[in-house]
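Please read through the structure below; I'll follow up with questions.
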There are 4 protein chains.
Amino acid sequence: MKTLELQKAFGLDNLVFSERPDATPGPDEIVIRMKSSSLNYRDLLMIKGMYNPRLKFPLIPFSDGCGVVEQSGEKSGYKPGDRVAPIFAQNWLYGPPGADTSRFTLGGPLDGCARETMVLPSSGVVAVPAHLSDVEASALPCAGLTAWSALSSHGGSLAGATVVALGTGGVSIFALQFAKMMGARVIVTSSDDEKLEKALRLGADEGINYRQKPDWDKEVKRLTGGEGADHIIEVGGAGTLEKSIRAVRPGGCVSLIGILAGVSKDLDLRPILMRNIRVQGILVGHRQGFEEMNRAVDAHRLRPVIDRVFPFQESKEALEHLASGSHFGKVCIQI
Amino acid sequence: MKTLELQKAFGLDNLVFSERPDATPGPDEIVIRMKSSSLNYRDLLMIKGMYNPRLKFPLIPFSDGCGVVEQSGEKSGYKPGDRVAPIFAQNWLYGPPGADTSRFTLGGPLDGCARETMVLPSSGVVAVPAHLSDVEASALPCAGLTAWSALSSHGGSLAGATVVALGTGGVSIFALQFAKMMGARVIVTSSDDEKLEKALRLGADEGINYRQKPDWDKEVKRLTGGEGADHIIEVGGAGTLEKSIRAVRPGGCVSLIGILAGVSKDLDLRPILMRNIRVQGILVGHRQGFEEMNRAVDAHRLRPVIDRVFPFQESKEALEHLASGSHFGKVCIQI
Amino acid sequence: MKTLELQKAFGLDNLVFSERPDATPGPDEIVIRMKSSSLNYRDLLMIKGMYNPRLKFPLIPFSDGCGVVEQSGEKSGYKPGDRVAPIFAQNWLYGPPGADTSRFTLGGPLDGCARETMVLPSSGVVAVPAHLSDVEASALPCAGLTAWSALSSHGGSLAGATVVALGTGGVSIFALQFAKMMGARVIVTSSDDEKLEKALRLGADEGINYRQKPDWDKEVKRLTGGEGADHIIEVGGAGTLEKSIRAVRPGGCVSLIGILAGVSKDLDLRPILMRNIRVQGILVGHRQGFEEMNRAVDAHRLRPVIDRVFPFQESKEALEHLASGSHFGKVCIQI
Amino acid sequence: MKTLELQKAFGLDNLVFSERPDATPGPDEIVIRMKSSSLNYRDLLMIKGMYNPRLKFPLIPFSDGCGVVEQSGEKSGYKPGDRVAPIFAQNWLYGPPGADTSRFTLGGPLDGCARETMVLPSSGVVAVPAHLSDVEASALPCAGLTAWSALSSHGGSLAGATVVALGTGGVSIFALQFAKMMGARVIVTSSDDEKLEKALRLGADEGINYRQKPDWDKEVKRLTGGEGADHIIEVGGAGTLEKSIRAVRPGGCVSLIGILAGVSKDLDLRPILMRNIRVQGILVGHRQGFEEMNRAVDAHRLRPVIDRVFPFQESKEALEHLASGSHFGKVCIQI
């Protein structure tokens, strides 16, 4: 079977197509014919060697995917034709992550979804909602689940709460969709009025152009009667965290998601404690959360927002498109 | 009535005793004859002008106190002789704090407990457990409730979990006592073997001398089979946060309490999200938490650990003793 | 001021209009000019002597109301012109109810809202959402809050869950509206196709006519792929509980609300434990819940469904209309 | 391998020893050499045909067990010598139970632990705490986990709460031990002063002899200052439920556990709703709960209370001893 891989070195230019032998499934395993993948910023960093420089080669990239069961072990509980998506952290089924969770994630260190067939244990996949296309379904495993985990981590109901999604990338657009589904009021930020327009059409209540209003935190406060938002989906990391901490209400929550988070210079910790704020790191999520999200996606016939679909051969171009930051929603691959 | 106050300027040397007229209670108010107070690091910073430099004078300091009802308004629900403690944030009864919660805290900006009598609305006090002395009861409002709120904020049961209390000040010793009560295993850190010895006698399971083992985070990991602790009571702030984030297990919680938190230089945010960690700021707590804590203190006949009691006239010496850092548990004042 | 009251005996025919002196507010109190009330089944039972036969006369009935502040004590935090609704259980502000909560409920044993003016402490009222008419706002305190408390009691998110509302009375219609707001799929039952039609127009996903399908529990299972619903809003009590327990999924929740609950004959308890079901009794709710509900009502510009408005003089006719069971949503009174 | 089984008919007298062929494990399976079992009332009812009359023969009884891994499939994650306990509901790993959970429980309908060797998938067992003997470890899967699930289901901390355990059977004694570990005050009821004495020695704060005080609910109220207990571990079922509902405080929880629950005659539902009570059915629990419980058992070096150990050959006598009700804690079998 055909696969994309980094063979000996990091870098977009070192991505090559290659052939690997097909595998046979054990009694609890399935062979999946991959139909699609979706890209995350993590994939880009991984390929460039900026996520985990000690990674071993060769590596098949891409954490996300959707495919159809082709062969199934007799104890797998699946049958040929079932449509499934792999879970990002293969051994994180429920509860808190384990000490070794990050050693079992797809797209690095484990081989990912950029290939024609894939063998996984039955616990490593979930069924996907029937109303979604393969491409749409492949948007769920990382970006969808990250947004879902962030919004669920707070515990209570979001009905009547205000959620701020920073930017219009994959996670932020899912956060917008899920927060609306849960009854929240949603504020989206972007540097691009056209993207804000799109976000409003998707249900956002307010848009803030942070190029025109660099003090977007003050704008959030103004839009919430001086109180601040209940929950900030923080994908910017070090660059925006201080503003997020100012934009959230006392007792509120900042979900720290951005893989670009990096090193924060001179972060003033006092507002965190004096305003009783929670900063919650989110590493995608567990299988249980994926199943709960799928139930909601199914019940609402929610459709992930796909920015653009590239053929498998043009994976490099797809990654460059993601890197450009011009996308709105998910950049996907048809395999 | 006699009162201690900052009249015109910040500084320990500007603390003077003064006389103020006695007040009469409204129908929902009570007059309390103050019996005791306990000191918090916040009091020291407040007096030195380092907590809130824009504070208005004169100010009666000290957030914590315990007293006896002397007169009671007919709708107050209290009667003379009842023993009560004021709540730190006078208008924070339950739920998340409000935008104005920090404007209604005792010991600044509102006048505090360093006086002979005090008039408060009935909602601004709680009854204190009967088995406690006045001095012991005055240890609860800030240090006790902060530890209680931190341990409760995580949601689930602590039975079998590992809690790390940094140091042996007021909040940390309460955290040790409450965490043991809730079934946790407790690790205490200190630079002083004698204090560690005392902590072990109070029920701590392990002590780490961070002078001897500056990489105390590695020691915590070793003591937890490589996993890390479930919950860190972080009172050190900027100086220790990075180690706390390394010492906590994936999915665990760091309660950010230390008023000295300050500005963190070059804080690496990536472990927060890659290890799914929660950093939870704690600003003392609400009245509901105080009542729940008192119920538990009462049921367990728990006794706060009092380091030393100073007479009211020696309040300055008491503050200097607190500043020295040589205490173990609470420094108190008899009024 | 004019008031409706039961003077010496129970019974609809013993309701008379009377005059009482106006009161002056204490420093923490307000005088409210009542504008409207809404009726609950509890009011009917109270008046008939079926709710609390030992009630003392005279009693002003009606738990629900909305009015405008006319005078305000200087510590009340309110000013003339503010629009407020009394809370049902006057001393239940947050947390679990107290042993005496049921002794401080409006409309019995405390005097209720069927009068021109009312004096209450500031903690006994909440501000109402600005977009609501007086009549709409008076629908919230019992029926609205009961539905909100029931849906919130389960803890987690309802996005993607299935909620069943039994019937189309006040609580059930609020449950339908709130559950949709929170992302649930809603099934409504009724004996009347016209009412089901109305419920579908309000957003219900499915309607079951329990006259045509007396085994509505089986229909719920069919509509949920054999699983059962996540949450049943059980207002029927003894008569329907066994079916509700069969209609809910393993691990699901039945909120027991119906004041008509009565005595259940031969209730088989085994399905409760063998299917891990929660039966949660709901007694309206606390002030904190009322505030949270109002925030959501406000954010969504949600409008309570009003069946019919009667003038104050026709309160008896309004009660008879409620007793007839022909209503859909709330029966209200203009004062 | 030798096994105990019901071959063709229900009844203690139809239990016979038999031989079955040894099995080989698949890649994700393990062969366990069973060392011990513990008995539950459910086992007795199952054998007598009172739990599930439609059960298929032959059936190997006993839900609980502990054994040592003898062979392990290469993907099982276990190795020979590991000590494990099977989980009661083999496919209930986390979250709410599924519609089919009760079809995959050991000791009926699935074959149970009364045999020399057993093959299970790796997800169907958990490692057991090292400080426990085999017999002690075999007490955990049903009785231990049921008590743990009941006390955890309420959500918040139990520190300072009052828990009532009805009787001194396996579940109740675990509930006593776990509730003390979590900081609760515990009241135990029994008809036997000697058993109450033992319970007090295990840490119970109060004992009530319900033969001497048939109105034990009033005694619970007296011991809680008139308020009622926070949580009742209700193992009596229909016979005691009404008293449990009276003994619990407003807003409290009754965990419905007793397999003897049966049919409740004329249960008055009104106190459930008027006092905001939660009745929570408990069906043992999931794998995640088992792991959390084991962590706590391990951290506290908690030892299950074993009433008496019978050799495998005397399994019938062990069941008769359980049926007599004279035990205190768990009745166990050495295999």
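Note on naming: letters A, B, ... go to the chains in the order of the sequence lines (proteins, then strands), and numbering restarts at 1 for each one. Since the structure is predicted, the reported quantities are computational estimates derived from the model, not experimental observations.
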I need the A/M181 CE to C/M182 CE distance, nearest 0.5 Å. 15.0 Å
Residues A/A159 and C/A296: closest non-hydrogen pair is O-CB, 3.5 Å
Chain A heavy atoms under 4.5 Å from C/A299: which part of the residue, side chain, backbone, both or neither? side chain
Would you compute the distance between atom CH2 of A/W148 and atom OG of C/S157 and round it to the nearest 0.5 angstrom? 5.0 Å
Assess whether a salt bridge exists between C/R295 and A/D230, defined as any Lys/Arg side-chain N lying under 4.0 Å from an Asp/Glu carboxylate O. yes
